[in-house]
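Here the structure comes first, spelled out in structure tokens, and everything after it is commentary.
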Number of protein chains: 2
Amino acid sequence: MARWEPNARERLAASALDLFVERGYEGTTAAEIATRAGLAKSTFFRHFTDKREVLFSGGELLSDAFVTAIEKCPPGTTPLGVLHAALEAASFPFNPDRRDWVVKRQTVIAANTELLERELLKQAAITEAMTTALQKRGLDPRVAAVTAELGNLAFRAAFTRWTAPTNTRDFADLAHEELTASAKAATTLT
Amino acid sequence: MARWEPNARERLAASALDLFVERGYEGTTAAEIATRAGLAKSTFFRHFTDKREVLFSGGELLSDAFVTAIEKCPPGTTPLGVLHAALEAASFPFNPDRRDWVVKRQTVIAANTELLERELLKQAAITEAMTTALQKRGLDPRVAAVTAELGNLAFRAAFTRWTAPTNTRDFADLAHEELTASAKAATTLT
DNA sequence: TACGGTGATGAGACCAAGTCCCATCACAGG
DNA sequence: CCTGTGATGGGACTTGGTCTCATCACCGTA
């Protein structure tokens with residue numbers, strides 16, 4: 001399979017993040033990213049459909065983790081229980097080693113609307129996948145939708161806390177905490 | 001203020017939707033939209049920052065309706081009560097006269113990922129605005145977030161039902177129904 | 001060692017989105 | 001009738017993204 005320098009895709013992603021941090025997303029050209037990675041512009045677009053997408057590759061892994069975790073829950077598990085399991089399974093990208101990279105990436109995304117749009121799309125896709133997976137467990141469609149949305153909310157909250165400069169806690173930890181809090185909040189609406 | 005043909009913006013929006021329906025979003029050029037509206041490409045981009053944006057102008061009205069409705073609720077109103085009022089106030093764009101236009105627009109959006117992204121961004125902005133407005137009422141941040149998210153969910157569900165071919169019911173009606181159902185679902189998670 | 005197949009790459013033409021600048025034109029008021 | 005102002009037109013320019021064709025590195029095989 002691998003020939004020449006075998007890591008074209010990874011090199012592109014790394015160069016891209018570096019350049020985005022240095023010059024900003026809009027100040028960086030796809031051709032420049034490719035050049036820094038020792039490749040050509042056409043090669044960049046062979047690996048990524050978009051200039052944006054270079055920051056989002058590997059996102060399917062997260063979605064898959066959510067979905068398969070949901071599927072693996074024993075039948076009869078409560079929706080909230082399923083959600084806890086799913087968040088647990090989706091914690092793998094967030095370990096201390098990857099923190100620097102994750103924070104850099106998130107800083108770049110937060111600074112650019114185009115990238116925010118893309119992120120929202122990915123999140124929506126995940127939420128939809130979770131909804132479907134929950135429905136397959138026999139949940140009422142509306143309950144499934146509310147559950148997935150709550151999971152998404154808890155995930156984002158946990159992520160925000162995990163990336164905070166002072167944080168030392170585990171992602172899964174924070175996720176469970178946020179989920180519990182959100183679920184409790186959901187019962188105090190009336 | 002208004003000179004020549006005074007409705008440039010509206011003409012552009014109308015021409016755009018027509019063309020998008022005829023040839024699809026990607027099959028339509030910004031220059032073509034402008035030409036059909038009797039204007040030039042440069043004028044198009046003077047009125048809309050984006051080719052996408054031509055389908056989303058007026059969206060601030062919706063956000064404003066949500067927020068001001070939340071602000072106008074008497075203190076002590078329950079979060080769910082506030083949400084009902086907000087959805088009621090945000091029903092104005094959805095009357096029988098505008099149905100055709102709304103359905104056309106939504107069909108175009110649903111067929112194109114770029115447009116979906118933009119719509120998600122707008123929805124996220126509205127949800128965030130609602131969260132802030134709810135927090136200003138003294139709600140706990142987490143409760144505010146959950147409430148806003150639930151409102152968003154109910155809104156989308158109501159919208160889907162309202163645009164369904166067989167629907168004859170009022171949007172506000174559907175929204176109240178969806179919200180009640182979602183809120184109830186949120187209490188059955190454990 | 002020579003050879004052909006395969007898959008990744010490079011080069012460059014090409015189109016459309018979006019920016020920018022400057023000229024122009026319609027209208028208002030004096 | 002003249003002049004200022006704001007909306008428009010036109011066109012040059014950059015960049016994202018697509019596409020095609022040639023090239024090159026490596027593989028297995030003779």
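Residue numbers start from 1 in every chain, and the chains themselves are labelled A, B, ... in the order their sequence lines are given, proteins ahead of strands.
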Exercise for the section: Please list, chain by chain and in numerical order, all residues satisfying side-chain contact (heavy atoms from CB on, under 4.5 Å) with B:Ala89, sequence neighbours excluded. Expected result: B:Ala69
Fill in the blank from the handout: Rounded to whole Å, CZ of B:Phe44 lies from P of D:dG10 at a distance of 17 Å
Practice task
Summarise how protein sits on nucleotides 11-17 of chain C as a single string, 5' to 3': B when a protein heavy atom is under 4.0 Å from the base, S for sugar-phosphate-only contact, - for no contact.
Solution key: BB---SS
Fill in the blank from the handout: Whole-Å distance, B:Glu114 CD to D:dG16 P, equals 14 Å
Problem - All ring pair (Phe, Tyr, Trp, His ring centres under 6.0 Å) counterparts of A:Phe48, not counting sequence neighbours - result: A:Phe44
Handout entry: Interatomic distance where CG belongs to A:Leu55 and P belongs to D:dG16 [whole Å]
Key = 14 Å
Problem - Donor-acceptor pair, side chain of A:Arg11 and main chain of A:Ala37, under 3.5 angstrom - result: yes
Handout entry: Rounded distance (Å) that lies between atom P of C:dA8 and atom CG of A:Leu12
Key = 14 Å
Practice task
Determine: side-chain N/O of A:His47 to OP1/OP2 of C:dA8, distance under 4.0 Å, yes or no.
Solution key: no
Exercise for the section: Give one of base, sugar-phosphate or nothing for A:Gly38, where a contact means two heavy atoms less than 4.0 Å apart. Expected result: sugar-phosphate
Practice task
Starting from P on D:dT15, measure out to CZ on A:Phe48 and report it in whole angstrom.
Solution key: 21 Å
Practice task
Rounded off to whole Å, could you give me the CG-to-P distance for the A:Leu39 and D:dA25 pair?
Solution key: 15 Å
Practice task
Report the distance from atom CZ of A:Arg23 to atom C1' of D:dT15, rounded to the nearest whole Å.
Solution key: 15 Å
Problem - Residues which pass salt bridge (charged side-chain N to carboxylate O under 4.0 Å, His left out) with B:Glu117, listed by chain and number, not counting sequence neighbours - result: A:Arg52, A:Arg118
Exercise for the section: List for me each residue that meets side-chain hydrogen bond (donor to acceptor under 3.5 Å, both in side chains) alongside A:Arg169, sequence neighbours excluded, and say none if there are none. Expected result: A:Asp173, A:Glu177
Handout entry: Test side-chain hydrogen bond (donor to acceptor under 3.5 Å, both in side chains) applied to B:Glu128 - qualifying residues, sequence neighbours left out
Key = none
